[in-house]
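Letters A, B, ... mirror the listed sequences (proteins, then strands); counts begin at 1. Heavy-atom basis, side chains included; hydrogens, waters and symmetry copies ignored.
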Protein chains: 2
Amino acid sequence: MQSQAEIQDFVLNGYLTYIPHVSLDCAIFGYHEQQLKLLLIKHVALGRWCLPGGYIKRTETLVEAANRNVKEKTNVDNLFLQQFKTFGDPGRAQFSHFDEKKWFEVTSVHIDKTSWLVDQTISVGFYAITDFSITEPQSDLTTTCEWFDVDNLPPLEFDHDEMVRDALHAMRIQLYHYPIGINLLPEKFTLSEIHALYETLLGKKLDISNFPKKLIALGLLKKLDEKRSIGAHRSPHLYKFDKEKYDQALQNGVVLS
Amino acid sequence: MQSQAEIQDFVLNGYLTYIPHVSLDCAIFGYHEQQLKLLLIKHVALGRWCLPGGYIKRTETLVEAANRNVKEKTNVDNLFLQQFKTFGDPGRAQFSHFDEKKWFEVTSVHIDKTSWLVDQTISVGFYAITDFSITEPQSDLTTTCEWFDVDNLPPLEFDHDEMVRDALHAMRIQLYHYPIGINLLPEKFTLSEIHALYETLLGKKLDISNFPKKLIALGLLKKLDEKRSIGAHRSPHLYKFDKEKYDQALQNGVVLS
DNA sequence: CCAAAAGTGTTCTATTTACACCCATGG
DNA sequence: CCATGGGTGTAAATAGAACACTTTTGG
């Protein structure tokens, strides 16, 4: 969404392109160097930050819609997006604060009380994980977009606090059943790096020695003949994912301890 | 839904009471004596059987809507209903066959192409398990309601085949994390009975000897001082659930391997 | 040659699985 | 008193967690 004309058209005729009463919200987690962040956006006219989300085109699947949304906000494509829960309780979309004057100032569009946008909406929740160092949060006319530390989030708009809790929970459960990391680590990485990734995502300590055994036993990790010099006394072996086994594990699921 | 007047009002003004574009469908599994069944309904005007479902009132939560739906179809209240996935891909609600003449014959209501009912709809999937011997499928003016053997289902309308597959999968995963049986077994039951229940729901054999150990160790099962005579050489002990521990496990989850 | 970090191996423990065997009961 | 299913116990196998130790490398 960029120009005023586009916004105006969306407000007036969006219901022709999008399915009304249904939206989706994405908890996009960002990882980099042992930090876990969450992408939040802030509408100029809303009081609080919220999860990036949007409507679903009548022609696209839910996952496609989620992907499009993520692309718009992060410029990252083809993430592993996972539907985790749908939210639809009455009262879930109460504004903490809506500054109509500000909204009109920016967009020159009035949102009428009869607008398709104003009616009750249920929302399908997705989550994804990306590397926040390679993404560029896309702000535009009406919204600011920013990474926040996961354990230091501001209070969120609507029921988005609950969504984040559920998304984190779902993500951590999934970590035991699906491999992760192919988009979050460089192509070649050390055991320490993937170890740190898992510790950060799970939010707890993992034994450095036992941790890689299962991944290697499953054939997900392949040891390379290269080493890297990253400082004093340190020249760890490099590993990479076995793409075939990895995709297979994504497809069929595994148990990772 | 009973009378023609009610149906007429629903078709014309339903969008005032219900959220348009959003429905829910319930995979209601029925267990009894080692048989697993699924409740299906058939609209008079549709070619195939489908999952019972309906719209969500603007004033109720998703779970409340699902419960109301199940109550309408089975007369059973307060089931443990679990949201498992939301379906919204375009083309998901293609009729295999819609007999408009038949529909009008029964309801005396025309469904206009501009009706709120005709537009694209996404659907939230729930599943539940009940005892099919104590439920009375409720048929009415427009629909027939019947139990089908899970591994001998007819081809279903819309994307309901996929829903059933996903529901079964979700249910079997959940069985490892939540206790089940309090609505499916008599208040006092034998170890064989609960063993058969788990084998049927999971669709695989479980070692009869090891199976109860975890349940007993967790304190979910309490042994009673009673026995039952159910035939030659057979007088097994009776057990019952520890309601408190059971509810706690439902709340917090356990691992029942 | 030493300190720091990488990586391997061993041990101990807990959990799971398989299965043998005893017991109670009704015929 | 014996055939049958109910129930218990134990041994073997596997998986998980803890941690010691060896190797490598830069200074």
Between the base of dT17(C) and the side chain of S209(B), is there a donor and acceptor pair under 3.5 angstrom?
no
Are any of the side-chain heavy atoms of [X] and [Y] separated by less than 4.5 Å?
X	Y	value
L62(A)	I56(A)	yes
Y127(A)	Q174(A)	yes
I28(B)	P52(B)	yes
R48(B)	L156(B)	no

Using whole Å, what does the distance between atom [atom2] of nucleotide [N] and atom [atom1] of [X] come to?
X	N	atom1	atom2	value
L206(A)	dA18(D)	CG	P	11 Å
Y176(B)	dT15(C)	OH	P	18 Å
D225(B)	dG7(D)	CG	C1'	16 Å
H237(B)	dG5(D)	NE2	P	18 Å
I208(B)	dT4(D)	CD1	P	18 Å
I216(A)	dT8(C)	CD1	C1'	11 Å
F211(B)	dT16(C)	CZ	P	14 Å
K227(A)	dA6(C)	NZ	C1'	9 Å

Can you figure out which of [options] approaches the side chain of [X] most closely?
X	options	result
K213(B)	dG7(D), dA18(C), dG16(D)	dA18(C)
N210(A)	dT24(D), dA18(D), dG7(D)	dA18(D)
K223(B)	dT16(C), dG7(D), dA17(D)	dG7(D)
S192(A)	dG6(D), dT17(C), dA6(C)	dA6(C)

How would you label the contact of T190(B) with the nucleic acid (heavy atoms, under 4.0 Å): base, sugar-phosphate, or nothing?
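Nothing, no heavy atom under 4.0 Å.
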Taking any heavy-atom pair under 4.0 Å as a contact, classify K205(A): base, sugar-phosphate, or nothing.
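No contact at all - K205(A) keeps every heavy atom at 4.0 Å or more from the nucleic acid.
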Tell me which of V255(B) and D207(B) sits closer to the 5' end of DNA chain C, going by the nucleotide each one is nearest to.
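Nearest nucleotide further toward 5': that of V255(B).
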Does F84(A) form a ring-ring contact (aromatic ring centres under 6.0 Å, His included) with F126(A)? I'd like the steps, not just the answer.
CA-CA 6 Å; F84(A) 67 93; F126(A) 284 81; 8.0 Å; no
Aromatic centroids of F241(A) and F189(A) separated by under 6.0 Å
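Yes: the rings meet the under 6.0 Å criterion.
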Please tabulate the protein-to-nucleotide N/O contacts below 3.5 Å involving nucleotides 11-13 of chain D, giving atom names and distances.
none

Would you call the rings of W147(B) and F132(B) parallel, tilted or perpendicular if under 30° counts as parallel and over 60° as perpendicular?
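Taking F132(B) first and then W147(B), their aromatic rings sit tilted (interplane angle of 30° to 60°).
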